[in-house]
Asker: 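If you scroll down you'll find the structure; I have some questions about it.
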Amino acid sequence: MDDVVIKLENITKHYKLYDEPKDRLKEAFVAFNKKYHKPFYALKGLNLEIKKGDVLGVVGRNGCGKSTLLKLITGVLQPNKGTIS
């Protein structure tokens with residue numbers, strides 16, 4: 001009997017960081033596909049299984065992806081790569 005209630009497989013979530021607000025606009029309209037952003041990986045290649053009755057505590061430093069993980073599990077955010085079930 002499989003008691004897994006939450007399963008995350010190879011989850012990756014990244015955000016685009018821009019040096020200046022105008023860089024976002026330039027990236028959207030420049031035809032040469034020039035990148036004006038730097039990717040910031042909040043989560044990269046995360047695998048996690050939570051079984052019925054398990055307790056999960058998420059502890060870490062600022063910016064390590066705790067809130068992003070919880071938002072992905074609850075469906076507020078969608079991963080860039082991977083599956084959640």
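What you see is a predicted model, and the numbers here were worked out from it, not measured in a lab. We're numbering straight along the sequence, starting at 1.
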Asker: Kindly write out the residues that satisfy ring pair (Phe, Tyr, Trp, His ring centres under 6.0 Å) with Tyr36, not counting sequence neighbours, or none if the list is empty.
Answerer: none

Asker: Would Leu56 end up clustered with Leu43 when hydrophobic side chains under 4.5 Å apart are linked, directly or stepwise?
Answerer: yes

Asker: Could you state whether Val4 and Ile73 fall into the same hydrophobic cluster, counting links through intermediate Ile, Leu, Val, Met, Phe, Trp or Tyr residues with side-chain heavy atoms under 4.5 angstrom apart?
Answerer: no

Asker: In Å and rounded to the nearest 0.5 Å, what is the OG to CD1 distance from Ser85 to Ile6?
Answerer: 9.5 Å

Asker: State, to 0.1 Å, how close Leu77 and Lys13 come at their nearest heavy-atom pair, and which atoms those are.
Answerer: CD1-CE, 4.4 Å

Asker: Show the nearest heavy-atom pair for residues Phe40 and Gly63, with the distance to one decimal.
Answerer: CZ-O, 3.8 Å

Asker: For the residue pair Ile11 and Gly82, what are the closest heavy atoms and their distance?
Answerer: CD1-C, 3.9 Å

Asker: Can you give me the closest heavy-atom contact between Thr12 and Lys44, atom names plus distance?
Answerer: OG1-CA, 3.8 Å

Asker: To the nearest 0.5 Å, what is the distance between CG on Leu46 and CD on Glu9?
Answerer: 11.0 Å

Asker: Under a single-linkage definition using a 4.5 Å side-chain heavy-atom cutoff for Ile, Leu, Val, Met, Phe, Trp and Tyr, are Tyr41 and Ile84 assigned to the same hydrophobic cluster?
Answerer: no

Asker: Can you get from Leu17 to Leu25 by hopping between Ile, Leu, Val, Met, Phe, Trp and Tyr side chains that sit under 4.5 Å apart?
Answerer: no

Asker: Just wondering, do Asn10 and Asn47 contact through their side chains at under 4.5 Å, heavy atoms?
Answerer: yes

Asker: Please check if atom NZ in Lys26 has more than 12 non-hydrogen atoms from other residues, nucleotides or ligands closer than 6.0 Å.
Answerer: yes

Asker: Checking Tyr18 now: which residues fulfil ring pair (Phe, Tyr, Trp, His ring centres under 6.0 Å) with it, not counting sequence neighbours?
Answerer: His37

Asker: Taking the side chain as every heavy atom from C-beta outward, state whether Thr83 and Lys7 have any atom pair closer than 4.5 Å.
Answerer: no

Asker: Quick one, Glu27 and Lys16 - any side-chain contact, counting heavy atoms below 4.5 Å?
Answerer: yes

Asker: Taking the side chain as C-beta and beyond, is there a heavy-atom pair between Lys66 and Leu69 under 4.5 Å?
Answerer: no

Asker: If only atom types and distance count, is the side chain of Asn80 paired as donor or acceptor with the main-chain N or O of His14 below 3.5 Å?
Answerer: yes

